[in-house]
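Chain identifiers are assigned alphabetically (A, B, ...) following the order of the sequence lines, protein sequences preceding nucleic acid strands; residue numbering begins at 1 within each chain. No experiment lies behind these values; they were computed from the predicted model shown.
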Amino acid sequence: MRRSLLAGPVLEVAPRLLGMVLRSTTDEGTVAVRLTEVEAYDGPNDPGSHAYRGQTARNAVMFGPPGFLYVYFTYGMHFCMNVVVGPDSTPSAVLLRAGEVIEGVELARLRRNQSVPMKTDRDLARGPARLCVALGIGREGNGVDLLAKNSPIALLDGVGFDGVPATGPRVGLREAADRPWRFWIPNDPTVSPYRPHVPKKRA
DNA sequence: GGAAAGATTTTCT
DNA sequence: GAAAATCTTTCCT
């Protein structure tokens, strides 16, 4: 995996991530997933992006060079992760929404079953927060260089994906959710089910 | 300094 | 289909 491959415009890079492999190693063991669903966020031009209103302590990683991991905490209980892409200092990133566990299935199953028992293997990493749980990635994953030698979390070329990616609206956003910047591998069972966003009521 | 909503998941009716 | 769980960040007074 070359870093230059991630340095292009986010809308070009995002679909290329499909089929690539993300491998995470901790003292518990190793889990790897083949990415089946991603979502693009285009920094300052994108009202749905965390970087839309400028750099903060939380999103600082997005403003750095491509190939780093941006992990954020949301809904009081979940982590989600992004791969920073684009040229240096352009705060674009790709949300990793789902994947197929191809290595360390037993460990992934163990982690997921700690909160919810009796999950089927297809659901192990089917959704952005589930993906983080399966890989054992939390706050400490923020800012990790995915392309560094011996990195505990690494992005690998994998088998790639030769077909035409499916595209559709993004999920869970209040702003600009309609932009067709979500990409997934057609007919893959590990792609998360689409749920239209419902804004929470204001008191 | 406080309120509101959130790039979600799970469970219950 | 609705609602809860739970805490960080952002936005407004």
Side-chain angles (χ1 to χ4, degrees), chain A residues 10-11 13-15 17-18 22 33 35-63 68-86 90-101 108-143 165-184 189-203:
Chain A
V10 62
L11 290 179
V13 174
L17 291 177
L18 295 173
L22 189 68
V33 302
L35 300 176
T36 57
E37 182 184 1
V38 300
E39 210 164 81
Y41 287 87
D42 185 21
N45 308 314
D46 181 1
S49 170
H50 286 174
Y52 182 60
R53 294 171 186 82
Q55 183 170 349
T56 66
R58 176 220 220 178
N59 63 26
V61 178
M62 291 180 75
F63 289 79
F68 284 73
L69 193 66
Y70 166 47
V71 178
Y72 67 91
F73 187 65
T74 190
Y75 290 103
M77 64 195 81
H78 296 303
F79 290 102
C80 298
M81 61 180 156
N82 300 248
V83 176
V84 176
V85 303
T90 61
S92 299
V94 179
L95 172 70
L96 307 183
R97 290 195 53 86
E100 172 192 3
V101 178
R109 206 180 281 146
L110 188 68
R111 284 169 172 158
R112 290 273 292 128
N113 282 350
Q114 284 178 353
S115 53
V116 186
M118 300 300 289
K119 283 292 124 191
T120 62
D121 286 355
R122 113 191 266 234
D123 284 329
L124 288 178
R126 193 183 186 216
R130 294 165 167 186
L131 185 62
C132 284
V133 172
L135 290 172
I137 292 174
R139 197 176 254 79
E140 71 286 351
N142 192 46
T167 66
R170 296 185 292 185
V171 178
L173 293 82
R174 182 175 47 172
E175 302 288 345
D178 55 325
R179 302 188 189 190
W181 289 353
R182 186 164 65 101
F183 304 91
W184 66 94
T190 62
V191 171
S192 65
Y194 175 63
R195 305 191 201 81
H197 179 56
V198 185
K200 287 201 171 178
K201 62 174 188 292
R202 187 175 278 266

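Between C/dT9 and A/H50, no contact under 4.0 Å exists linking OP1 or OP2 to a side-chain N or O. OP1 and OP2 of C/dT9 both lie 4.0 Å or more from every side-chain N or O belonging to A/T74. Dashed line: the shortest gap from a side-chain N or O of A/R97 to OP1 or OP2 of B/dT8 is under 4.0 Å.
Per the geometry, CD belonging to A/Q114 stands 16 Å off C1' belonging to B/dT10, to the nearest Å. Distance, A/R111 CZ to B/dT9 C1': 18 Å, rounded to whole Å. A/R58 places its CZ atom 9 Å from the C1' atom of B/dA7, with the value rounded to the nearest Å. Between A/R53 atom CZ and C/dC12 atom C1' there is a gap of 13 Å when expressed in whole angstrom units. Protein atom CG of A/L95 is 11 Å distant from nucleotide atom C1' of B/dT8, rounded to whole Å. Going from atom OH of A/Y75 over to atom C1' of B/dT8 covers 6 Å, rounded to whole Å. Spacing between atom CZ of A/F79 and atom P of B/dA7 amounts to 15 Å, rounded to whole angstrom units. For the pair A/H78 NE2 and C/dA4 P, the interatomic distance rounds to 15 Å; values are reported in whole Å.
Between A/R179 and A/D42, every side-chain heavy-atom pair lies at or beyond the 4.5 Å cut-off. Side-chain contact between A/V94 and A/Y41: absent, with no pair of heavy atoms (C-beta onward) separated by less than 4.5 Å. Within the 4.5 Å cutoff, side-chain heavy atoms of A/Y70 are placed close to those of A/R58. A heavy-atom distance below 4.5 Å is not found between the side chains of A/R170 and A/L95. Residues A/V61 and A/L69 fail the side-chain proximity criterion, which asks for heavy atoms closer than 4.5 Å.
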Point to revise | Bracket string, DNA chain C, 5' to 3' - pairs by Watson-Crick or G-U geometry under 3.5 Å, | interstrand | key: |||||.||||||.
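Listed candidates were C/dC11, C/dT8, B/dA7. Nearest to the side chain of A/Y70 is B/dA7. The A/F73 side chain lies nearest to C/dC7 when the options are B/dT9, C/dC7, B/dA7. Comparing C/dT6, B/dA7, B/dT8 by their nearest atom to the side chain of A/V171 picks out B/dT8.
Between A/M77 and A/R139, the residue whose closest nucleotide on DNA chain C is further toward the 5' end is A/M77.
In this structure, A/S49 contributes its side chain and A/A51 its backbone to a donor-acceptor pair below 3.5 Å.
Rounded to whole Å, the separation between the P atoms of B/dA7 and C/dG1 comes to 23 Å. Nucleotides B/dA5 and C/dA3, compared at atom P, are 15 Å apart to the nearest Å.
Between the side chain of A/Y72 and the base of B/dA7, a donor-acceptor pair under 3.5 Å is found.
The residue A/R112 sits close only to the backbone: its heavy atoms come under 4.0 Å of sugar-phosphate atoms, none of a base.
To the nearest 0.5 angstrom, A/I137 atom CD1 is 7.0 Å from A/L131 atom CG.
Taking the six-membered ring where the residue is Trp, A/F79 and A/F73 present tilted rings, their angle falling between 30° and 60°.
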